[in-house]
There are 2 protein chains.
Amino acid sequence: MTVSVTIKDVARKANVSIATVSRVLNHKSNVSEDAVEAVNQAIKELGYSPNFLGRDLRKSETRRILAIIASTEQSFYSEVIRGMEETAMAKGYDVLIATTRDDPKHEMHLLGMLFSHSVDGAVLLGPKLDAKTISELAANHNLAMCLERLEGCKALTVTINNVQAGKDAVSYLINKGRRRIGLITTTQRAQSSVDRENGYRQALEENGIPYDPALVYYGTYGADSGTRGCKELMSLENKPDAIFAISDMLAIGAMNHALSEGIEIGKELLFFGFDDIQYSHIFIPHLSTVRQPCFMQGKLVIEKLIDNMKTDDPDRSLYMLPHSLILRETTGD
Amino acid sequence: MTVSVTIKDVARKANVSIATVSRVLNHKSNVSEDAVEAVNQAIKELGYSPNFLGRDLRKSETRRILAIIASTEQSFYSEVIRGMEETAMAKGYDVLIATTRDDPKHEMHLLGMLFSHSVDGAVLLGPKLDAKTISELAANHNLAMCLERLEGCKALTVTINNVQAGKDAVSYLINKGRRRIGLITTTQRAQSSVDRENGYRQALEENGIPYDPALVYYGTYGADSGTRGCKELMSLENKPDAIFAISDMLAIGAMNHALSEGIEIGKELLFFGFDDIQYSHIFIPHLSTVRQPCFMQGKLVIEKLIDNMKTDDPDRSLYMLPHSLILRETTGD
DNA sequence: TAAGTTCCTGAAAACAATTTCAGGGCATTA
DNA sequence: TAATGCCCTGAAATTGTTTTCAGGAACTTA
């Protein structure tokens with residue numbers, strides 16, 4: 001391809017040393033006006049832009065942070081990423097995103113960018129690797145987690161209290177007088193799913209409602225799985241009078257079944273979702289759901305991560321940010 | 001932070017030269033078994049992983065490609081990115097994603113990664129910069145566009161024929177006997193929007209239906225804008241009997257209005273969307289829409305981009321891949 | 001005038017890797 | 001025995017930048 005122009009060419013053209021060019025590039029004060037002028041002129045004429053590979057090597061920093069997600073499909077991540085980007089940008093960092101496609105091998109490959117100094121830090125949003133592996137990596141590298149905690153993982157983590165959130169949602173349904181509450185969740189056990197399910201059980205227990213395994217449907221992540229779940233739960237002899245789904249996607253799928261059966265949502269059957277995705281208030285009836293502070297989680301994890309870069313005693317705490325219940329038509333609100 | 005172990009340390013520990021270590025790292029054949037053994041042992045003991053800043057600088061390549069998108073919100077991009085990733089990976093490249101948040105300044109900043117050799121190539125998915133700027137950049141750098149073409153922009157581009165696609169959708173509605181067809185589009189003039197609108201007009205013209213500006217609603221990208229658009233069109237004295245929206249999001253918003261008014265979708269009023277997003281067959285009634293070959297567009301643009309890296313005579317053609325109509329309930333299918 | 005400052009400058013080292021080149025050791029061939 | 005070839009090795013050059021260090025010039029101060 002085209003041969004690049006280097007700092008050397010600029011120096012030659014401007015009749016100064018490369019040190020002076022570098023000084024101009026980095027806006028150092030100790031350069032004469034004449035030199036600044038000449039260098040900028042040369043840069044413009046040659047169309048020079050510095051090679052960051054050289055710079056990054058010398059400085060041993062890239063000012064780039066990698067966000068590792070499963071895929072860009074869940075638009076739910078977008079606010080988290082915005083929080084990360086805005087915070088990073090304010091501190092002079094760029095955020096790059098890479099996807100694992102749910103493959104732990106590929107996740108490890110992407111983490112290689114961290115080990116090989118291609119980025120200064122990395123954030124895992126919903127890791128597929130196990131707690132032990134991540135703990136070990138986080139001990140030696142600038143690695144954090146966001147949205148998803150890992151039981152027994154000693155790494156900087158920013159998330160919400162999913163147990164409490166699940167409990168809050170189900171308690172709300174109970175306070176609405178419901179006693180038979182279905183749960184639609186997934187077989188793939190992300191910690192957040194497990195936590196939400198535990199919240200569901202705690203809410204039942206505290207209210208003296210016996211746990212009935214028949215009311216729990218384990219499926220996949222897709223909306224169609226929600227539809228199947230609802231169908232199965234509603235074909236029980238002793239039907240549920242409310243359903244808590246661990247994601248809005250599942251809840252919307254579930255509602256599709258209820259709608260097609262002519263079930264009156266919000267009265268006959270209540271629905272509670274999780275995530276407050278965009279479609280939860282586009283889909284009719286509007287879905288009651290748990291909202292996470294996405295932007296704030298992104299913001300906080302980047303702040304802590306960047307702090308960690310500058311210290312020998314990195315923070316490996318677990319931060320839990322407050323969630324909130326969004327009440328809409330599907331709970332009769 | 002922690003002080004890194006370098007190739008030098010490995011060499012010392014393994015009692016060989018750094019050249020030999022490098023040869024082992026790169027799986028060169030001309031190294032004795034003993035040396036390979038010793039080096040690998042040292043690597044393991046020291047927990048060494050090579051610093052890519054050094055490697056990339058020396059090799060003048062990063063084997064990384066940057067995909068620049070507006071935001072990760074539109075899940076629609078995810079298939080394109082999957083196509084890009086799978087193709088890139090097969091050729092030994094990684095794909096990184098960065099978001100512009102619709103800011104041309106930030107888009108330019110991200111392109112800086114290309115100029116500064118931080119990545120080997122970049123793909124713009126829906127650029128905010130103008131055709132002239134991009135043409136100039138593409139002349140000197142490995143830059144391509146995907147999903148969106150730019151009128152008069154001389155850069156490698158992979159997209160679909162949006163004029164034809166709009167025309168196909170509207171022609172289908174006309175063939176269903178509809179004569180008053182509304183259009184819901186956006187004021188923000190992405191080329192694809194303009195093209196789809198032109199397709200709409202061509203379809204009308206070819207079928208001898210006069211163009212009525214009252215039937216065209218210009219709004220924003222959100223579903224609520226679709227709702228407003230539908231409300232406005234349906235309050236006309238001479239109501240439409242079909243609506244073509246330039247995105248599924250707008251179509252779903254529009255359908256929300258129709259549903260709330262008790263309008264019989266698929267009979268009284270037909271709907272045609274664009275993109276075939278996931279929700280177009282989750283939302284009820286299922287939406288007829290235009291499907292783009294997302295994966296294939298991602299695949300093709302990466303193939304061509306990588307080809308371009310290896311030649312002095314880069315391909316700057318416009319490739320248009322075939323689209324297809326997905327017929328569902330909203331057109332009475 | 002001598003000594004000390006301040007300002008600006010360029011040569012060279014440093015960053016961590018790959019690659020080139022020359023040569024030592026050994027076996028094969030004439 | 002000498003010449004040739006092959007295998008393996010390490011020293012040194014190379015990549016593009018930043019940074020350190022030493023020093024020249026001009027100016028101030030005693």
Side-chain angles (χ1 to χ4, degrees), chain A residues 1-39 42-43 46-64 92 112-120, chain B residues 1-39 42-43 46-64 92 112-120:
Chain A
M1 284 282 298
T2 26
V3 53
S4 300
V5 22
T6 73
I7 199 173
K8 235 183 199 161
D9 304 316
V10 176
R12 185 157 32 228
K13 179 133 203 160
N15 248 310
V16 296
S17 70
I18 58 173
T20 298
V21 177
S22 174
R23 279 188 270 257
V24 173
L25 285 173
N26 294 282
H27 305 105
K28 301 274 163 107
S29 57
N30 53 345
V31 190
S32 69
E33 274 184 41
D34 286 0
V36 173
E37 183 93 358
V39 167
I43 286 175
L46 294 173
Y48 167 76
S49 75
N51 184 327
F52 277 20
L53 296 176
R55 170 179 297 185
D56 292 348
L57 173 59
R58 179 57 229 246
K59 290 196 165 184
S60 272
E61 71 164 5
T62 63
R63 301 200 83 86
R64 261 174 256 131
M113 288 189 63
L114 182 58
F115 314 148
S116 64
H117 297 88
S118 297
V119 292
D120 294 348
Chain B
M1 284 282 297
T2 27
V3 52
S4 300
V5 22
T6 73
I7 199 173
K8 235 182 197 161
D9 304 315
V10 176
R12 185 157 30 226
K13 178 134 202 157
N15 248 309
V16 296
S17 70
I18 58 171
T20 297
V21 178
S22 174
R23 279 188 271 256
V24 174
L25 285 174
N26 293 281
H27 304 106
K28 301 274 163 105
S29 57
N30 52 346
V31 191
S32 68
E33 275 184 40
D34 286 0
V36 173
E37 182 93 0
V39 168
I43 287 175
L46 295 172
Y48 167 76
S49 74
N51 184 325
F52 278 19
L53 296 175
R55 170 180 296 185
D56 292 349
L57 172 60
R58 179 58 229 249
K59 289 196 166 183
S60 271
E61 69 163 6
T62 63
R63 300 199 84 85
R64 262 175 257 131
M113 288 190 61
L114 183 57
F115 313 148
S116 63
H117 297 88
S118 297
V119 293
D120 295 348

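So you know, we letter chains A, B, ... as the sequences are listed, proteins then strands, and number each from 1. Only heavy atoms go into these numbers, but all of them, side chains included; no hydrogens, no water, no symmetry mates. All figures in this text were calculated on a predicted structure; none of them were measured in a lab.
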**Prompt:** What is the distance, rounded to the nearest whole Å, between atom CZ of R12(A) and atom P of dG16(D)?
**Reply:** 12 Å
**Length of the line joining R55(B):CZ and dG16(D):C1', which is rounded to integer Å** = 18 Å
**Request:** Mind listing the closest non-hydrogen atom pair of R64(B) and V119(B) along with its distance?
**Result:** O-CB, 3.5 Å
**Asked** Listed by chain and number, what are the ring-ring contact (aromatic ring centres under 6.0 Å, His included) partners of Y48(B), not counting sequence neighbours?
**Response** none
**Request:** Measure the CZ-OG1 distance between R55(B) and T62(B) for me, rounded to the nearest 0.5 Å.
**Result:** 12.0 Å
**Request:** Return the residues of residues 16-28 of chain A meeting this criterion: a heavy atom under 4.0 Å from some atom of DNA chain C. Order them by number, or give none.
**Result:** V16(A), S17(A), A19(A), T20(A), R23(A)
**Item:** Whole angstrom value for the distance that separates P of dT18(D) from CG of L53(A)
**Value:** 12 Å
Side-chain polar contacts of residues 27-37 of chain B - donor-acceptor pairs under 3.5 angstrom, sequence neighbours left out - could you list them?
residue: S32(B); atom: OG; partner: A35(B); partner atom: N; Å: 3.2

**Request:** Name the nucleic acid region contacted by N51(A), choosing base, sugar-phosphate or nothing; use a 4.0 angstrom heavy-atom cut-off, strictly under.
**Result:** sugar-phosphate
**Item:** Interatomic distance, E61(B) CD vs dG16(D) C1' [rounded to whole Å]
**Value:** 16 Å
**Message:** Can you give me the closest heavy-atom contact between I7(A) and L25(A), atom names plus distance?
**Reply:** CD1-CD1, 4.1 Å
**Message:** I want to confirm an ordering. Mapping L57(B) and S32(B) to their closest nucleotides on DNA chain D, which one lands closer to the 5' end?
**Reply:** S32(B)
**Prompt:** Can you name the nearest heavy-atom pair linking V5(B) to V10(B), along with the distance?
**Reply:** CG2-CG2, 4.4 Å
**Prompt:** Is there a donor on the side chain of R58(A) or the base of dT18(D) sitting less than 3.5 Å from an acceptor on the other?
**Reply:** yes
**Request:** Report the distance from atom CG of D34(B) to atom C1' of dC7(D), rounded to the nearest whole Å.
**Result:** 13 Å
**Item:** Minimal non-hydrogen separation, N26(B) against K59(B), with atom names
**Value:** OD1-NZ, 4.0 Å
**Start and end of chain A contact along DNA chain C [non-hydrogen atoms, under 4.0 Å]** = dC8(C) to dA16(C)
**Request:** Sequence neighbours left out, what passes side chain to side chain donor-acceptor pair (under 3.5 Å) with T20(A)? Give chain and number order.
**Result:** S17(A)
**Request:** Sequence neighbours left out, what passes salt bridge (Lys or Arg N to Asp or Glu O under 4.0 Å) with E61(B)? Give chain and number order.
**Result:** R63(B)
